[in-house]
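Notes to accompany the following structure.
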Amino acid sequence: MKKVVRKILIAVVILLILGIYYYITLPAVNIHSQGFWSVLMVLILFFTVICAFSQARKNSKSNVVQMKPFENAWKELKSVKIGFGLFLAVLAVFCIGSVLSSPIVNASKYQKLMNVEESDFIRDIQQTDYNTIPLLDKDSAELLGNRKMGSMVDMVSQFEVGADYTQINYKDMPVRVTPLVYASEIKWLTNQKEGIPAYIRIDMATQNTECVKLENAIKYSKAEYFNRNIYRHLRFHYPTYIFDDQIFFEIDDEGTPYWVCPVKKFNIGLFGGQTVGNVVLCNAVTGECTDYAVEDVPNWIDKVYSAELLTQLYNYYGIYKHGFFNSILGQKDCLKATNGYNYIALDDDVWVYTGVTSVSGDQSNVGFVLMNQRTMETKYYKVEGAIEDSAMSSAEGQVQNLGYRATFPLLLNISNEPTYFMALKDGAGLVKKYAMVNVQKYQWVAIGDTVGECEKSYVQLLATNGISNTGDSSLYEEVTGTIEVIAPVVIEGNTHYYVTLKNSDAVYDVNMADTSLIGIIHYQAGDTIKLSYSASENGLYPVLKIGS
């Protein structure tokens, strides 16, 4: 009876240990998960060792074994031999599966994981509306988020801002969203019953930062510790799914928070050729989960493929064009993404932008790619020019006395010229100026305190080099009217004329530093004037041309 009770107790302890291990590590029960095979081998060794100890104990009581301990011990430990044999078999499957899943034997399959379409830059990338492009990077967004949280006196002692800062399109505007998190384990203990009451939303074009308070608090998040932890919640609902390392915090058009959880799909062997096969959408408030095939994901979702995964897939496409060994030895036609990326909003989707360069490590791009984070659609544009690092250095050189540092650039279409656009930040991480650098002539650099000033300087720079833009009405607006007020003002040593027209509230800024606008001095109130001007975010419309 005691033996039976002992065996039951041992079994209960073993099950308890395995249960705790599963609860903490959350392995997927799936043959495509490397973690699954690792756990399987550990379990086999664990039970083999237990059997070995059990059998050794029995043998220690056997007179035969006592007389011939070394001769008969191995023959008696049959379960141990089976265990070691099973372990070696699983290890062999794992090793062979890893090799057969690798690019060494499947380079052509890796190269075909992403379908890349060559497209036309001028046709696809229209003149930019600066109200719809992100002027800030993630680091700047974090500063704004922390500053906003510091002003929320009712929550700042209990919560902090999470590190997600997912960039999405929200009502056709580029925003970053991130949930609040508990400030500490003690704060979790005292607040977890009610949940997380808000999230931060930052408009990346206007820098407007909001702390959005929720009627129903977020109950499922990365900040939870037990069953409401989002990873544990997903695992218990989908024990066989291999979730991507990155899950994304997003909001729908009504502002409801969700977790977008991509599910890995392995297309080559056991472990190779990772893409996304399914997406689990989890309501962060209720915990309700909906499983979608990747092609059926709702359009409001922006993040399915991470930027890192898309970049890796493009590298497979560019490096393995002529096989694995060519990618290491001859490297003929081998291309790769540059060492950074940014985001562009097109057609209500978020696209990852990165340059394409040779694997030889030269300082030039042969083109660039846009990769859709929802659909994996990829477009390649053959635009030769400087790599982003060179453009960033060129921009920083214009303000080297101030010590500003450039953010990773966006690629814009200015006067049908591929142009790098970037913010220049001081040592505190605050945006101080903006820069535009021509992709093909990266020594052409324009700097401005505002986006409007930067663009105007850049357009003038292009005009100086024989590239005109004012004839393109899609790029700039024109207005004709009667002058109501015309007044000179001096700003930082430069004379400007502010002009208003009858029946209009707009104020037009004529900068006399541009000698082509000197003719403004011949106008007075009551005269009819025609102005070509660009958009501006500060209420003043920079004038680019006077007259027809």
Side-chain angles (χ1 to χ4, degrees), residues 103 107-128 133 167 267 273-276 294-295 302-324 326-327 330-392 408-414 416-422 437-442:
S108 63
K109 292 182 180 179
Y110 274 87
Q111 199 267 339
K112 296 174 183 176
L113 286 172
M114 173 178 276
N115 182 35
V116 180
E117 171 192 354
E118 189 165 343
S119 196
D120 180 75
F121 174 80
I122 303 301
R123 184 190 68 208
D124 288 0
I125 312 299
Q126 302 299 319
Q127 171 68 15
T128 302
I133 67 169
Q167 181 158 321
N267 300 276
Q274 177 194 332
T275 55
V276 176
V294 68
E295 61 271 13
D302 291 312
K303 298 272 191 176
V304 171
Y305 296 86
S306 68
E308 292 79 7
L309 176 59
L310 290 173
T311 301
Q312 182 184 61
L313 291 173
Y314 183 80
N315 284 339
Y316 291 151
Y317 173 84
I319 292 174
Y320 296 137
K321 287 183 178 180
H322 300 297
F324 177 79
N326 177 72
S327 70
Q331 297 185 329
K332 178 184 178 182
D333 299 329
C334 288
L335 302 174
K336 66 176 182 178
T338 50
N339 59 354
Y341 56 83
N342 213 324
Y343 301 98
I344 296 177
L346 293 173
D347 303 323
D348 198 32
D349 279 327
V350 176
W351 297 67
V352 176
Y353 152 78
T354 186
V356 177
T357 187
S358 168
V359 296
S360 61
D362 57 23
Q363 295 298 302
S364 63
N365 281 348
V366 298
F368 69 93
V369 287
L370 294 181
M371 300 172 286
N372 191 308
Q373 287 199 278
R374 182 172 60 86
T375 65
M376 202 175 79
E377 179 185 358
T378 302
K379 296 182 178 182
Y380 171 76
Y381 300 90
K382 188 176 181 180
V383 179
E384 297 179 357
I387 65 172
E388 294 86 348
D389 287 346
S390 296
M392 292 164 66
F408 193 85
L410 287 168
L411 190 72
L412 305 182
N413 179 353
I414 307 295
N416 289 336
E417 284 289 307
T419 302
Y420 289 129
F421 171 76
M422 64 201 80
V437 181
N438 190 276
V439 171
Q440 296 173 312
K441 303 283 187 180
Y442 72 96

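In what follows, residues are counted from 1 in the order of the sequence shown. Hydrogens, waters and symmetry mates are skipped; everything else that's a heavy atom, side chains included, is used.
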What I'd like to find out is whether the side chain of [X] reaches to under 4.5 Å of the side chain of [Y], using heavy atoms alone.
| X | Y | value |
| --- | --- | --- |
| Pro409 | Met392 | yes |
| Asn267 | Leu113 | yes |
| Phe121 | Leu411 | yes |
| Ile344 | Leu412 | no |

Apply side-chain hydrogen bond (donor to acceptor under 3.5 Å, both in side chains) to Asn365 and Thr338, showing your working.
CA-CA 8 Å; Asn365 281 348; Thr338 50; 5.1 Å; no

Decide yes or no on side-chain contact (heavy atoms from CB on, under 4.5 Å) for Asp124 and Asn413, but give the supporting numbers first.
CA-CA 10 Å; Asp124 288 0; Asn413 179 353; over 6 Å; no

More than 12 foreign heavy atoms under 6.0 Å from [atom1] of [X]: is that the case here?
| X | atom1 | answer |
| --- | --- | --- |
| Tyr442 | OH | no |
| Lys321 | NZ | yes |
| Asp120 | CG | yes |

Only pairs under 3.5 Å count here: list side-chain donor-acceptor contacts from residues 367-374, not counting sequence neighbours, and write none if there are none.
from	atom 1	to	atom 2	distance (Å)
Asn372	OD1	Arg374	N	2.8
Asn372	OD1	Thr375	N	3.1
Asn372	ND2	Asp349	OD2	3.2
Gln373	OE1	Lys303	NZ	2.9
Gln373	NE2	Tyr305	O	2.9
Arg374	NE	Asp349	OD1	3.0
Arg374	NH1	Asn299	OD1	3.2
Arg374	NH2	Asp349	OD2	3.1

Got a sec, which residues hit salt bridge (charged side-chain N to carboxylate O under 4.0 Å, His left out) with Asp333, two or more places apart in sequence or on another chain?
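Not a single residue meets the salt bridge (charged side-chain N to carboxylate O under 4.0 Å, His left out) criterion with Asp333.
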
Could you pull out the closest heavy-atom pair between [X] and [Y], with the gap in Å?
| X | Y | value |
| --- | --- | --- |
| Gln167 | Val350 | O-CG2, 4.1 Å |
| Pro103 | Tyr110 | N-CE1, 3.5 Å |
| Ile319 | Ser327 | CG2-CB, 3.2 Å |
| Thr311 | Ala337 | CG2-CB, 3.6 Å |
| Tyr343 | Leu410 | O-CD2, 2.9 Å |
| Asn326 | Cys334 | ND2-SG, 3.6 Å |

Quick one: does Glu417's side chain have a donor or acceptor within less than 3.5 Å of a partner on Asn438's backbone?
no

Hey, what do you get for [atom1] ([X]) to [atom2] ([Y]), rounding to the nearest 0.5 Å?
| X | Y | atom1 | atom2 | answer |
| --- | --- | --- | --- | --- |
| Met376 | Glu295 | CE | CD | 11.5 Å |
| Gln312 | Lys336 | CD | NZ | 14.0 Å |
| Glu117 | Thr378 | CD | OG1 | 9.5 Å |
| Asn416 | Ile125 | CG | CD1 | 12.0 Å |
| Asn115 | Lys379 | CG | NZ | 12.0 Å |

Report the C-alpha separation of Tyr381 and Tyr353 in whole Å, then their side-chain angles, then the decisive distance to 0.1 Å, and conclude whether the side-chain contact (heavy atoms from CB on, under 4.5 Å) test is met.
CA-CA 11 Å; Tyr381 300 90; Tyr353 152 78; over 6 Å; no

Parallel, tilted or perpendicular: which describes the rings of Tyr316 and Tyr320, with under 30° parallel and over 60° perpendicular?
parallel

side-chain contact (heavy atoms from CB on, under 4.5 Å) evaluation trace for Thr354 with Tyr314
CA-CA 10 Å; Thr354 186; Tyr314 183 80; 5.8 Å; no

